[in-house]
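Numbering starts at 1 and runs along the sequence shown. Excluded from the calculations below are hydrogen atoms, water molecules and symmetry mates; all remaining heavy atoms, backbone and side chain alike, are included.
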Amino acid sequence: MNYIKFVDVTNRDGVQTSRLGLAKLQKTIINLMLNEMGITQSEFGFPTTKHELNYLNGNLELVERGVINKTRLSGWMRAIKADVIDSFKNVPKLQYINMSQSTSEQMINGKYQGKKTPNDVLEDTLEAINEAINQNAKDIGVNAEDASRSDLGYLIEYARKCKQYGATRFRYCDTLGYDDPQTAYDRIYAIAKETGMQMEMHFHNDLGMATACSVMGAKAAIDAGVDAWINTAINGMGERAGNADLVSCILAIKKSSGFKDKYQIDPQIDISKAWKLAKYTSYAFGVDIPMNQVAVGANAFAHESGIHADGALKDRRNYELYDFEELGRGEPEIIETGRMITVGEYAGIKGFRNVFNSLELEFHDDNEARNILELARYANVHTQKPLTDSELKFIYYYPNIAAKIMTVNPYYMPQGALKERMEKYENVAGSAII
């Protein structure tokens with residue numbers, strides 16, 4: 001049986017949302033929650049980006065310890081040999097990768113300005129695949145950026161060659177949200193049928209069809225006889241209008257008339273963790289969940305009309321397609337309205353102990369308490385938000401990794417004009433510029 005699996009790209013594409021972002025601690029908590037939910041893979045970052053390295057290596061230590069044991073962590077890079085070499089040099093324990101090249105005439109001409117041809121793009125990709133195999137990559141995905149505006153014959157040839165060289169999956173990227181569900185199905189079916197490659201669906205929401213295109217693309221892959229991998233972001237975060245929403249895609253396959261009991265998702269996925277994941281991600285990004293958001297919005301199970309309320313009370317199936325309990329909803333949330341002690345960058349030891357007592361976490365001596373307090377202070381500086389229970393527990397149980405992922409070593413090596421300016425003014429007092 002072929003399965004529909006999920007690659008959540010919140011920590012790679014979602015964090016590229018303009019004017020927003022996540023701290024490395026928050027990205028780590030999301031990886032842990034994705035693992036708890038049984039999501040097949042998390043594209044957890046960029047192994048060629050300097051400020052990501054401690055976070056990436058720290059999360060792979062969590063894999064080694066068996067803390068992250070269901071979700072594979074994959075890195076993203078350009079499909080060029082130099083990026084592959086840098087990635088494995090920077091993150092030696094990396095096993096799963098996706099490498100990307102622009103494949104449309106628009107992108108090749110518009111981005112490369114005549115410096116590359118479609119054949120150059122293919123040759124660069126094949127050379128990168130070779131290098132990834134030399135670096136002992138366990139699983140290699142190749143991404144066709146702007147696939148929806150690329151020549152279909154070229155995509156088939158590109159995918160076929162990449163498979164011959166050792167790539168295992170082909171990512172069809174609808175970079176501008178250009179496809180509709182029918183064209184997505186037709187094009188992905190053709191590529192899958194011609195090449196026999198596992199297919200990834202990466203759809204953006206510029207026209208509001210990211211979820212529909214994703215599930216139809218997955219249907220095409222399964223119908224063609226290969227596994228499907230849907231790229232998603234939690235709460236639909238991502239560039240411009242965002243990516244396909246994780247929970248919406250899962251529910252569309254599990255509950256819709258054309259998919260239910262006909263197409264199977266990765267059996268380890270536990271949809272009951274959806275509510276917790278969506279709420280944390282909303283808090284971390286600082287973006288409220290729209291009240292009409294699928295499954296996790298405030299109004300997803302709200303009824304006001306007399307006819308609807310009466311019908312729902314008589315039998316929930318009258319007006320609810322699925323149960324809120326399935327998503328982990330329904331438990332009362334306790335909101336403190338009296339005294340509240342929080343942990344921040346200026347927290348003291350007594351208040352800190354009080355918070356951890358409420359979490360039923362004990363310190364064996366004063367040194368342990370003060371060490372964890374110091375890490376919690378740094379974490380608050382790092383996130384600039386009151387720390388959540390999940391974050392505090394992570395710091396308590398994995399202090400060394402917490403310290404590592406919150407540490408960034410700025411890459412700063414002045415060269416050329418900047419170096420000359422620094423040397424010239426190194427010992428000269430100047431006025432502040434504000």
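The neighbour count for K255 NZ, taken as heavy atoms of other residues, nucleotides or ligands under 6.0 Å away, is above 12. More than 12 non-hydrogen atoms from other residues, nucleotides or ligands lie less than 6.0 angstrom from CZ of R240. For Y154, the OH atom is densely surrounded, since the number of other residues' heavy atoms within 6.0 Å is greater than 12. Environment of CZ in R78: sparse, with no more than 12 heavy atoms of neighbouring residues, nucleotides or ligands closer than 6.0 Å. Other residues, nucleotides and ligands place no more than 12 heavy atoms under 6.0 Å from the NZ atom of K419. Within 6.0 Å of CD on Q384 lie more than 12 heavy atoms contributed by other residues, nucleotides or ligands. Counting non-hydrogen atoms of other residues, nucleotides and ligands closer than 6.0 Å to CD of E325 gives a total above 12. By the 6.0 Å contact criterion, NZ on K116 is enclosed, its count of non-hydrogen atoms from other residues, nucleotides or ligands being greater than 12.
Formation of a donor-acceptor pair under 3.5 Å by the K163 side chain with backbone atoms of T195 is found in this model. Looking at D180, its side chain does come within 3.5 Å of a backbone N or O of T183 through a donor-acceptor pair. For the pair R149 (side chain) and T175 (backbone), a donor-acceptor distance under 3.5 Å is absent. Checked by atom type and distance alone, the side chain of D227 pairs as donor or acceptor with a backbone atom of Y3 at under 3.5 Å. At distances below 3.5 Å, at least one donor-acceptor pair connects side-chain atoms of Q113 with backbone N or O atoms of G110. Checking side-chain atoms of N35 against main-chain N and O of N69 turns up a donor-acceptor pair under 3.5 Å. No donor-acceptor pair under 3.5 Å is formed between the side chain of S104 and the backbone N or O of S150. Panel note: side chain S282, backbone A278; no donor-acceptor pair is recorded below 3.5 Å. Remark: side-chain polar atoms of N205 are paired, donor with acceptor, to backbone N or O of M209 under 3.5 angstrom.
Pairs passing the salt bridge (charged side-chain N to carboxylate O under 4.0 Å, His left out) check and including a residue from residues 395-415, sequence neighbours excluded, read E61-K404. Judged as a ring pair (Phe, Tyr, Trp, His ring centres under 6.0 Å), not a single pair has a partner in residues 88-135 (not counting sequence neighbours). Applying the ring pair (Phe, Tyr, Trp, His ring centres under 6.0 Å) rule to pairs touching residues 232-269 yields F259-Y263, sequence neighbours excluded. Sequence neighbours left out, not one pair with a member in residues 123-149 passes ring pair (Phe, Tyr, Trp, His ring centres under 6.0 Å).
No hydrogens or angles considered: a donor-acceptor pair under 3.5 Å links the side chains of N59 and T28. Inspection of the D120 and T117 side chains reveals an N or O donor paired with an N or O acceptor under 3.5 Å. In this model, no donor atom of one side chain and acceptor atom of the other lie less than 3.5 Å apart for D179 and S148. In this model, a donor atom of one side chain and an acceptor atom of the other lie less than 3.5 Å apart for E391 and Y280. Residues T281 and N235 have side chains that never bring a donor and an acceptor to within less than 3.5 angstrom of each other. Side chain to side chain, T407 and N54 fail the donor-acceptor criterion of an N or O pair below 3.5 Å.
The CZ atom of R12 sits 11.0 Å away from the OG1 atom of T49 when rounded to the nearest 0.5 Å. Distance check, rounded to the nearest 0.5 Å: CD1 of I4 to CD1 of I253 gives 4.0 Å. Expressed to the nearest 0.5 Å, how far NZ of K89 lies from CG of L53 amounts to 11.0 Å. Expressed to the nearest 0.5 Å, how far CG of D288 lies from CD of Q293 amounts to 11.5 Å. Considering CZ of F356 and CD of E362, their distance stands at 12.5 Å, rounded to 0.5 Å. In this structure, OG in S272 is found 13.0 Å from CG in D323, a value given to the nearest 0.5 Å.
The side-chain heavy atoms of E43 and D13, taken from C-beta on, include no pair separated by under 4.5 Å. Between D206 and D174, every side-chain heavy-atom pair lies at or beyond the 4.5 Å cut-off. For the pair Q101/M99, no side-chain contact is recorded, criterion being any heavy-atom separation below 4.5 Å from C-beta on. Looking only at side-chain heavy atoms (C-beta outward), E194 and R160 come within less than 4.5 Å of each other. Taking 4.5 Å as the limit, some side-chain heavy atom of F44 sits within range of a side-chain heavy atom of L60. Residues F6 and I265 are in side-chain contact: their nearest non-hydrogen atoms beyond the backbone lie under 4.5 Å apart. When side chains are defined from C-beta on, F203 does not count as touching N231, because their heavy atoms never get closer than 4.5 Å. Contact of the M33 side chain with the S390 side chain is registered, since non-hydrogen atoms from C-beta on lie closer than 4.5 Å.
For Y283, the side chain to side chain contact (heavy atoms under 4.5 Å, CB included) test picks out K385, P386, T388, with sequence neighbours left out. The side chain to side chain contact (heavy atoms under 4.5 Å, CB included) search around A190 returns L152, not counting sequence neighbours.
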Evaluate Y165 against I140 for side-chain contact (heavy atoms from CB on, under 4.5 Å), listing each step before the verdict.
CA-CA 10 Å; Y165 272 67; I140 302 168; over 6 Å; no

D139 vs T168, test: side-chain hydrogen bond (donor to acceptor under 3.5 Å, both in side chains). Steps then yes/no.
CA-CA 6 Å; D139 186 78; T168 50; 2.9 Å; yes

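Taking the six-membered ring where the residue is Trp, Y398 and F394 present tilted rings, their angle falling between 30° and 60°.
Of all heavy-atom pairs between M406 and A379, the closest is SD-CA, 3.3 Å. G75 and P47 get closest at one heavy-atom pair: CA-CD, 4.0 Å. Closest approach of G38 and K70 over heavy atoms only: CA-CD, 4.1 Å. The two residues E145 and S102 come nearest to each other via the heavy atoms OE1-OG, 2.5 Å. Listed here is the closest heavy atom pair of C249 and V215: O-CG1, 4.0 Å. Nearest heavy-atom pair across A274 and V296 is O-CG1, 4.4 Å.
Between F301 and Y322, the distance from one ring center to the other falls under 6.0 angstrom.
With salt bridges taken as basic N to acidic carboxylate O contacts below 4.0 Å, one links E52 and K24.
Remark: of the listed residues I234, D266, I250, V7, I250 is the sole one forming a side-chain contact (heavy atoms from CB on, under 4.5 Å) with I39. When each of T71, T10, N11, D8 is checked for a side chain to side chain donor-acceptor pair (under 3.5 Å) with N31, only N11 meets the rule. A side-chain contact (heavy atoms from CB on, under 4.5 Å) with M237 is found for exactly one of L22, V287, N243, V9, namely V287.
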